[in-house]
Amino acid sequence: MIIRDFDTEKFFAKQEFLKELVSKINARYDKPRVTLKFTEQYRNIGDTIKKNPYIVNLAIDSYKRLGFEVKIVPFRGGTDGNFFTQKGIPTPNLFNGGNNFHGQYEYVTTEAMATVSKTILTIVEEHVLQSQSRNMTPLP
């Protein structure tokens, strides 16, 4: 099973719950019959991102500059952003224009790819503009 949560404390509470549950089940028998092993796949990037609000604020400022409606939707899952964040480069997930992910009908349009490209260029430009004065407004 996979344990996921947007809140790190709740994540660890779920792990503790499973440990207690396994102990209770094993207590019913003459010898342990259930084992439990945790394997970390990736961490929730939310904690790191909140400590480094500039990267999200940079994306928000860039979206506004492009006239996009800013809509933040927390996302749980294994992404490249998780990998880079664990390596010390805070990397939030940005939209990529795709739809119907991980299925036979997954797709991205040429128009969406052009929008993503323009967005990335705007983020780079905005980063240069903010190089002397970064937007460090705390995230909610």
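Every value quoted in this text rests on a predicted model; they were computed, and no experiment measured them.
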Self-check item: Those residues that, when tested against R33, pass salt bridge (Lys or Arg N to Asp or Glu O under 4.0 Å) (two or more places apart)
Solution: D30

Could you state the interatomic distance from [atom1] ([X]) to [atom2] ([Y]), rounded to the nearest 0.5 Å?
| X | Y | atom1 | atom2 | value |
| --- | --- | --- | --- | --- |
| I89 | D80 | CD1 | CG | 12.0 Å |
| K71 | F95 | NZ | CZ | 13.5 Å |
| Q130 | D61 | CD | CG | 5.0 Å |
| L36 | Q15 | CG | CD | 8.5 Å |
| D7 | D47 | CG | CG | 7.5 Å |
| L139 | I49 | CG | CD1 | 8.0 Å |

Give me the atom names and distance for the closest heavy-atom approach of [X] to [Y].
| X | Y | value |
| --- | --- | --- |
| T48 | P90 | CG2-CG, 4.3 Å |
| S131 | V128 | OG-O, 3.0 Å |
| I123 | S62 | CA-OG, 3.3 Å |
| V108 | N96 | CG2-O, 3.9 Å |
| H127 | L58 | N-CD1, 3.5 Å |

Treating Ile, Leu, Val, Met, Phe, Trp and Tyr as nodes and any side-chain heavy-atom pair under 4.5 angstrom as an edge, say whether [X] and [Y] lie in one connected cluster.
| X | Y | answer |
| --- | --- | --- |
| Y63 | I120 | yes |
| V34 | L18 | yes |
| Y105 | F101 | no |
| M1 | V22 | yes |
| F38 | L21 | yes |

Any [X] side-chain heavy atom under 4.5 Å of [Y] side chain:
| X | Y | value |
| --- | --- | --- |
| L66 | T119 | yes |
| N135 | E126 | no |
| Y107 | T109 | yes |

Please indicate whether [X] has more than 12 foreign heavy atoms, meaning atoms of other residues, nucleotides or ligands, lying under 6.0 Å from its [atom1].
| X | atom1 | answer |
| --- | --- | --- |
| F68 | CZ | yes |
| F17 | CZ | no |
| E9 | CD | no |
| K64 | NZ | no |
| E40 | CD | yes |

Quiz item: Hey, does the side chain of S117 reach the backbone of M113 with a donor-acceptor pair shorter than 3.5 angstrom?
Solution: no

